[in-house]
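Everything on this sheet refers to the single structure shown next.
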Amino acid sequence: VPYLGILTEVLGNMNTDHYTYQELTDEVNLYTGGLRTAVNIYGLQGSDTYKPRFEMSGKVLYSKVPKMFELFEDILLHTHFDDEKRLKEILAMLKSRLLMKFQSSGHTTAALRAMSYSSPSAKLKDMTNGIEFYEKIAYIEEHFEEEKGRLVENLKSLARLLFRADNMMLSYTAAKEGLQDMETMI
């Protein structure tokens with residue numbers, strides 16, 4: 001499960017078939033109002049069960065919707081997970097960012113950790129963005145030479161499992177004119 005959290009950080013920050021990660025950042029900034037990946041947890045109404053979801057979202061002007069879908073496809077289906085040097089850089093940045101988050105909002109981190117012992121959804125959140133996630137990131141970074149093969153394979157495996165047409169749900173918010181040609185793009 002922690003690899004889901006790593007996947008959200010890696011996507012859009014590594015080379016793809018069509019762009020280096022620097023070029024990809026430029027394309028995202030030039031054509032969109034930002035692209036984002038996240039793991040969110042949704043409770044089922046009238047039930048104690050929940051469904052984790054991997055999400056990718058973006059904001060664009062209507063004229064740039066085709067470009068956003070092109071970028072989504074490249075990021076989700078054509079990321080080069082085997083660039084070990086870049087993976088190590090991303091892990092180091094992520095570890096640092098998590099430490100800063102813990103220091104600036106320790107009360108939230110502590111509450112999430114405490115809830116993770118009694119709530120399955122809080123446990124998942126802790127495993128993908130909390131203390132347990134940090135511990136996994138720190139371990140992989142400190143033992144990178146031994147862990148890099150497993151990391152690359154887990155990321156590739158997750159991408160194959162998650163990013164399939166039969167596993168996709170699309171939510172699109174726009175005025176009526178923004179919905180034109182949507183079916184042809186998906």
Side-chain angles (χ1 to χ4, degrees), residues 1-14 16 21 24-25 28 34-45 47-59 71-72 75-84 86-144 146-164 166-171:
V1 173
Y3 291 97
L4 275 173
I6 296 171
L7 185 63
T8 65
E9 297 297 325
V10 165
L11 290 172
N13 290 309
M14 295 194 72
T16 67
Y21 71 89
L24 185 59
T25 299
V28 167
L35 302 181
R36 169 179 145 349
T37 56
V39 175
N40 283 312
I41 303 155
Y42 298 96
L44 298 176
Q45 192 170 2
S47 169
D48 288 340
T49 58
Y50 63 94
K51 292 274 188 182
R53 295 283 184 241
F54 185 93
E55 299 176 351
M56 183 161 200
S57 59
K59 299 178 282 188
L71 292 169
F72 278 176
I75 291 167
L76 295 175
L77 303 178
H78 304 288
T79 292
H80 297 176
F81 294 111
D82 46 12
D83 181 349
E84 296 167 358
R86 181 66 183 147
L87 274 175
K88 190 168 184 171
E89 291 170 1
I90 292 169
L91 289 174
M93 288 185 293
L94 177 57
K95 181 180 168 187
S96 173
R97 196 167 52 242
L98 285 167
L99 268 178
M100 287 188 295
K101 180 181 91 169
F102 295 160
Q103 291 169 352
S104 67
S105 59
H107 61 292
T108 306
T109 303
L112 176 63
R113 184 64 165 196
M115 288 188 326
S116 75
Y117 294 106
S118 62
S119 164
S121 62
K123 176 71 173 170
L124 184 65
K125 200 69 173 166
D126 190 48
M127 292 172 78
T128 58
N129 198 28
I131 292 173
E132 189 168 338
F133 181 58
Y134 171 79
E135 290 169 343
K136 184 67 171 181
I137 295 299
Y139 180 83
I140 294 170
E141 190 209 19
E142 290 163 15
H143 301 93
F144 189 75
E146 303 92 60
E147 293 292 319
K148 65 186 177 186
R150 182 175 330 171
L151 174 61
V152 168
E153 281 312 307
N154 282 337
L155 293 173
K156 287 180 178 180
S157 223
L158 272 173
R160 281 191 303 272
L161 178 70
L162 294 173
F163 310 139
R164 305 182 328 252
D166 66 328
N167 197 31
M168 183 179 79
M169 179 173 65
L170 178 69
S171 175

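Hydrogens, waters and symmetry mates are skipped; everything else that's a heavy atom, side chains included, is used.
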Exercise for the section: Evaluate the criterion side-chain contact (heavy atoms from CB on, under 4.5 Å) for residue pair Glu142 and Lys95; output intermediate values, then yes/no. Expected result: CA-CA 11 Å; Glu142 290 163 15; Lys95 181 180 168 187; 3.6 Å; yes
Problem - Taking every non-hydrogen atom, the tightest pair across Glu147 and Tyr3 - result: OE1-OH, 4.3 Å
Problem - Charged tip of Arg86 within 45° of Tyr21 ring normal and under 6.0 Å - result: yes
Problem - Any side-chain heavy-atom pair of Met14 and Glu9 under 4.5 Å - result: no
Problem - Closest contact, heavy atoms only, Ile75 versus Gly12 - result: CG2-N, 3.6 Å
Exercise for the section: Grab the two heavy atoms, one from Pro120 and one from Ser118, that are nearest each other, plus how far apart they are. Expected result: CD-O, 3.9 Å
Handout entry: Gap between atom CZ of Arg160 and atom CG of Asn167 - 0.5 Å precision
Key = 14.5 Å
Completion exercise
Glu55 meets the salt bridge (Lys or Arg N to Asp or Glu O under 4.0 Å) criterion, sequence neighbours left out, with none
Problem - Any donor-acceptor N/O pair, Thr8 side chain to Gly5 backbone, under 3.5 Å - result: yes
Handout entry: Donor-acceptor under 3.5 Å (Ser119 side chain, Ala122 main chain)
Key = yes
Practice task
Evaluate the side-chain contact (heavy atoms from CB on, under 4.5 Å) criterion for residues Phe72 and Leu11: first the C-alpha distance (whole Å), next the side-chain angles of each, then the deciding distance (0.1 Å), finally the verdict.
Solution key: CA-CA 10 Å; Phe72 278 176; Leu11 290 172; over 6 Å; no
Completion exercise
So OG1 of Thr16 and NE2 of His78: to nearest 0.5 Å the spacing works out to 8.0 Å
Practice task
Report the distance from atom CD1 of Ile6 to atom CG of Leu94, rounding to the nearest 0.5 Å.
Solution key: 7.5 Å
Practice task
Would you mind reporting whether Asn40 and Phe54 have side-chain heavy atoms less than 4.5 Å apart?
Solution key: no
Practice task
Please step through side-chain contact (heavy atoms from CB on, under 4.5 Å) for the pair Lys156 and Val152, ending with a clear verdict.
Solution key: CA-CA 6 Å; Lys156 287 180 178 180; Val152 168; 3.7 Å; yes
Handout entry: Straight-line distance of Leu35 CG to Leu76 CG, nearest 0.5 Å
Key = 9.5 Å
Side-chain donor/acceptor pairs under 3.5 Å, residues 129-137, sequence neighbours excluded:
from, atom 1, to, atom 2, distance (Å)
Asn129, OD1, Lys101, NZ, 3.4
Glu132, OE1, Lys123, NZ, 2.7

Problem - Straight-line distance of Phe81 CZ to Ser157 OG, nearest 0.5 Å - result: 10.5 Å
Handout entry: Leu7 vs Leu162 side-chain heavy atoms within contact, under 4.5 Å
Key = yes
Completion exercise
Between the CD atom in Glu141 and the NZ atom in Lys88, the distance rounded to the nearest 0.5 Å is 7.0 Å
Handout entry: Taking every non-hydrogen atom, the tightest pair across Leu158 and Leu4
Key = CD1-N, 3.7 Å
Problem - Nearest heavy atoms of Leu112 and Lys125, plus distance in Å - result: CD1-CB, 3.9 Å
Completion exercise
Result for side chain to side chain contact (heavy atoms under 4.5 Å, CB included) between Asn13 and one of Leu87, Thr79, Ile90 points to Ile90
Problem - Test item: Val39 and Arg53 side chains (from C-beta on) under 4.5 Å apart, heavy atoms - result: no
